[in-house]
Amino acid sequence: MASRSYSACVLCHRVVVVKLVSRGMSAATKPQPQLDFLKGEPHRKHPGLTNLKILHLPEELQMAAHSIINGAQVMRLNDRAISLTNFLWSRKRAIEDSTLRLKAMGLEKKLWDEAMEKAGEIDENLVKDRIMRRVVSELRRTTYHWTPMKYNEELSVVYMASRLAGGYAAVRRALNEIKKRVPSFAPQSLLDFGSGLGTVAWASHSCWGDTLKEMVCVDSSGPMNLLAERLLKGDDERAEPHIKQVYFRQFLPVSPKVQFDLVVAAFTLSELPNKMEREEAVVTLWRKTNSYLVLVENGTRDGYQILMEARDTLLKKQEKTVHDTRPASVFAPCPHELMCPKMAHEPSIPCNFHQPYHPLLLSRHNERKMEKFSYLILTRTEPAEAQTEKVDWARLIAPVLRRKRHVHCQMCCPDGQLQHLVVTASKHSRDVYRCARKSDWGDQVPIPQKVEDDIQSDSE
């Protein structure tokens, strides 16, 4: 009896082994799609990787900033820098007059309805006056009071201490998107609108210093322009600027026919008082763009929505007078030109990215920081990178979750949808799996077509 049961167990074990072996053989014989998206690069350097490691300010810029800070002797500089950083991060768009008017009308109607529900005769003039006072009081209490930033010499130094390194990190990361994906791009001219401390000139020089021959920095603040020039000269008026051919202006070039290979506006559109002025500024900047227009804002809901306004303006609205007929197309970060799927959420969820950096040494604690920003790059040129057949590129919009033998990717896809894809080597090929595992938030990842059965719509 015991020998019979032992034989049965051996037989069952053999059946299991045969099944596993046959399953492995079928998986091995199943042809994997040959996808040529690596272009000869190893997986850790695949074409979709655009993130940068921890950024440091250029040594010359850092030394100049420290020299200026030491000479200025601003009281409580560290505390004031932190306070200004928090203020700029929490800064919102100015509320539009039309929105304020609708809000006042709705509040007035609500108060009238409440007054009418009360029994007895009422004095309409007295009630009207009382309601108007309550409406005004409520609007003052609940409406964000936007005021323009005005920088004097001292506040410019505080701004430099608080935002020089973070602003440089965000711009450098955005420009790396162009440098990595279009290595043949060699700009000769740059326009920086709202140049501030000149961080765009420094970041552009670190990318294309060999080819840039003209950089025009436009900022309405005289003290900020003077500080930017001091940074270029290493805080030495008699010294030659570290970056040549940088010109500071307080107004944009008048001629609409003057174009620049690269046009950048970093943390500038949010300083304009209303939507109309932002639209006019974006259209003007696009007229002056020969190849790429780069817009960078805080990674907040308001910063993200400002960029979406600019995106809609350039993709949907037609100018009356067109000097350059080449249309605008989205280069990054969106892999499509449809409505941003994050706008469908109410309230909208900002599409933002992170860049680690080392701040200026203002105290003994020099821990690395993380710059959270949103950006938008539009181009007049045709995409230089040829799309590989059967492979699309999606943008990672959240940290990649790496698990044993599979990777969770939250992506914005070329079809305009937010998707959650679980990538495995067996289902999506070894190359796709290893590329996804080497990627992170903000990078692009290859997604083979016909994997709809593995994709789950993001319901968050």
Qualifying residues under side-chain hydrogen bond (donor to acceptor under 3.5 Å, both in side chains), relative to S83, sequence neighbours excluded = none
note = The reported gap from CG in N298 to CZ in F373 (rounded to nearest 0.5 angstrom) is 11.0 Å
message = Distance check, rounded to the nearest 0.5 Å: Y433 atom OH versus T424 atom OG1?
response = 8.5 Å
inquiry  = Quick one, N176 and C207 - any side-chain contact, counting heavy atoms below 4.5 Å?
reply    = no
inquiry  = Using a 3.5 Å distance criterion without hydrogens, assess whether the side chain of S204 forms a donor-acceptor pair with backbone atoms of A201.
reply    = no
key: With sequence neighbours excluded, residues passing side-chain contact (heavy atoms from CB on, under 4.5 Å) with A72   = V74, V157
Between side-chain atoms of residues 99-111 and protein atoms elsewhere (two or more places apart, or another chain), which donor-acceptor pairs fall under 3.5 Å?
residue	atom	partner	partner atom	Å
K103	NZ	T142	OG1	3.1
K109	NZ	D113	OD2	3.2

key: Validation row: Y159, M149 side chains within 4.5 angstrom (heavy atoms)   = no
remark   = Tightest non-hydrogen contact, residues L272 and E277, listed as CD1-O, 3.8 Å
query = Can you tell me if CG on D79 sees more than 12 non-hydrogen neighbours from other groups inside 6.0 Å?
reply = yes
ask   = What is the minimum heavy-atom distance between M215 and L212, and which atoms define it?
value = CE-CD1, 3.6 Å
query = How long is the gap from CG on L376 to SG on C340, to the nearest 0.5 Å?
reply = 10.5 Å
remark   = Residue set satisfying side-chain contact (heavy atoms from CB on, under 4.5 Å) with K53, at least two apart, ordered chain then number -> none
ask   = Are side-chain N/O atoms of S270 and R91 paired as donor and acceptor at under 3.5 Å?
value = no
ask   = So, the side chain of T379 versus the backbone of S329: is there a donor-acceptor pair under 3.5 Å, distance only?
value = no
request  = Please test L197 against M224 for side-chain contact (heavy atoms from CB on, under 4.5 Å), starting from the C-alpha separation and ending with a verdict.
outcome  = CA-CA 6 Å; L197 299 168; M224 197 69 82; 3.7 Å; yes
ask   = Any donor-acceptor pair under 3.5 Å linking the side chain of R402 with the backbone of R437?
value = yes
message = I'd like to know if the side chain of S189 and the backbone of D261 have a donor-acceptor N/O pair within less than 3.5 Å.
response = yes
query = If only atom types and distance count, is the side chain of K369 paired as donor or acceptor with the main-chain N or O of P359 below 3.5 Å?
reply = no
inquiry  = Has S90 got a side-chain atom pairing as donor or acceptor with F87's backbone, closer than 3.5 angstrom?
reply    = yes
Donor-acceptor list for residues 241-252 side chains, cut-off 3.5 Å, not counting sequence neighbours:
residue	atom	partner	partner atom	Å
K244	NZ	P241	O	3.3
Q250	NE2	S220	O	3.0

query = Where do A228 and G196 come nearest, in terms of heavy atoms and distance?
reply = CB-O, 3.5 Å
remark   = Note: P223 and S156 closest approach over all heavy atoms is CB-OG, 4.0 Å
remark   = When every non-hydrogen atom of V407 is compared with those of A436, the smallest separation belongs to CG1-O, 4.2 Å
ask   = Looking at R80 and E154, does any basic side-chain N land under 4.0 Å from a carboxylate oxygen?
value = yes
ask   = Around K288, counting heavy atoms of other residues, nucleotides and ligands shown, do more than 12 lie under 6.0 Å from its NZ?
value = yes
key: Side-chain donor/acceptor of D302 to backbone N/O of R93, under 3.5 Å   = yes
Partners meeting side-chain hydrogen bond (donor to acceptor under 3.5 Å, both in side chains) with R173 (sequence neighbours left out) = T50, N51, E177
key: Backbone N/O of I447 and side chain of D392: donor-acceptor pair under 3.5 Å   = no
request  = Please identify each residue that fulfils ring-ring contact (aromatic ring centres under 6.0 Å, His included) with H354, with sequence neighbours left out.
outcome  = W441
ask   = Should V218 and S195 count as side-chain neighbours, where that means a heavy-atom distance under 4.5 Å?
value = no
ask   = Just how far is it from atom CD of E371 to atom CG of N352, taken to the nearest 0.5 Å?
value = 10.5 Å
message = Are the side chains of S291 and L262 in contact, using a 4.5 Å heavy-atom criterion?
response = no
query = Do Y357 and Y168 pass the ring pair (Phe, Tyr, Trp, His ring centres under 6.0 Å) test, and can you show the C-alpha distance, the side-chain angles, and the key distance before you say yes or no?
reply = CA-CA 9 Å; Y357 69 96; Y168 174 86; 9.5 Å; no
task = Check side-chain contact (heavy atoms from CB on, under 4.5 Å) between D129 and all other residues, then give those that pass, not counting sequence neighbours.
result = R133
R380 (side chain) donor-acceptor with P327 (main chain) under 3.5 angstrom = no
key: Within-4.5 Å side-chain heavy-atom neighbours: P350 and K372   = no
Among F331, W208, W286, F260, the one residue meeting ring-ring contact (aromatic ring centres under 6.0 Å, His included) with Y292 = F331
inquiry  = Between T289 and L378, is there a side-chain heavy-atom distance shorter than 4.5 Å?
reply    = no
remark   = The side-chain contact (heavy atoms from CB on, under 4.5 Å) partners of R403 (sequence neighbours excluded) come to L401, H406, H408
task = May I ask you to test the T199-M160 pair for a side-chain heavy-atom distance under 4.5 Å?
result = no
message = Counting only heavy atoms from other residues, nucleotides and ligands, does the tally under 6.0 Å from NZ of K180 exceed 12?
response = yes
query = With side chains defined as the heavy atoms from C-beta onward, is the minimum distance between Q417 and H336 less than 4.5 Å?
reply = no
request  = Only counting residues at least two apart or in another chain, list the ones meeting ring-ring contact (aromatic ring centres under 6.0 Å, His included) with F193.
outcome  = none
inquiry  = Both conditions, 6.0 Å and 45 degrees, for the charged tip of R172 above the ring of W202: are they met here?
reply    = no
Check against side-chain contact (heavy atoms from CB on, under 4.5 Å), V400 and V445 = CA-CA 11 Å; V400 174; V445 289; over 6 Å; no
task = Evaluate the salt bridge (charged side-chain N to carboxylate O under 4.0 Å, His left out) criterion for residues K316 and E337: first the C-alpha distance (whole Å), next the side-chain angles of each, then the deciding distance (0.1 Å), finally the verdict.
result = CA-CA 10 Å; K316 297 178 181 179; E337 294 185 359; over 6 Å; no
inquiry  = Please determine whether side-chain contact (heavy atoms from CB on, under 4.5 Å) holds for the pair W89 and T300, giving the CA-CA distance in whole Å, both sets of side-chain angles, and the decisive distance to 0.1 Å.
reply    = CA-CA 8 Å; W89 177 256; T300 59; 3.4 Å; yes
task = Mind listing the closest non-hydrogen atom pair of D219 and G194 along with its distance?
result = OD2-C, 3.5 Å
task = Step through the shown structure and confirm whether more than 12 heavy atoms of other residues, nucleotides or ligands are within 6.0 Å of CD on E153.
result = no
Let me check something: any side-chain donor-acceptor pairs from residues 59-69 under 3.5 Å, sequence neighbours excluded? List them with distances.
residue	atom	partner	partner atom	Å
S67	OG	D235	OD2	2.6

inquiry  = Just checking R326: does its CZ atom have more than 12 heavy atoms from other residues, nucleotides or ligands closer to it than 6.0 angstrom?
reply    = yes
message = Donor-acceptor pair, distance only, cut-off 3.5 Å: does the side chain of D192 make one with the backbone of G198?
response = no
query = Does Y304 have any ring-ring contact (aromatic ring centres under 6.0 Å, His included) partners at least two apart in sequence or in another chain, and if so, which?
reply = none
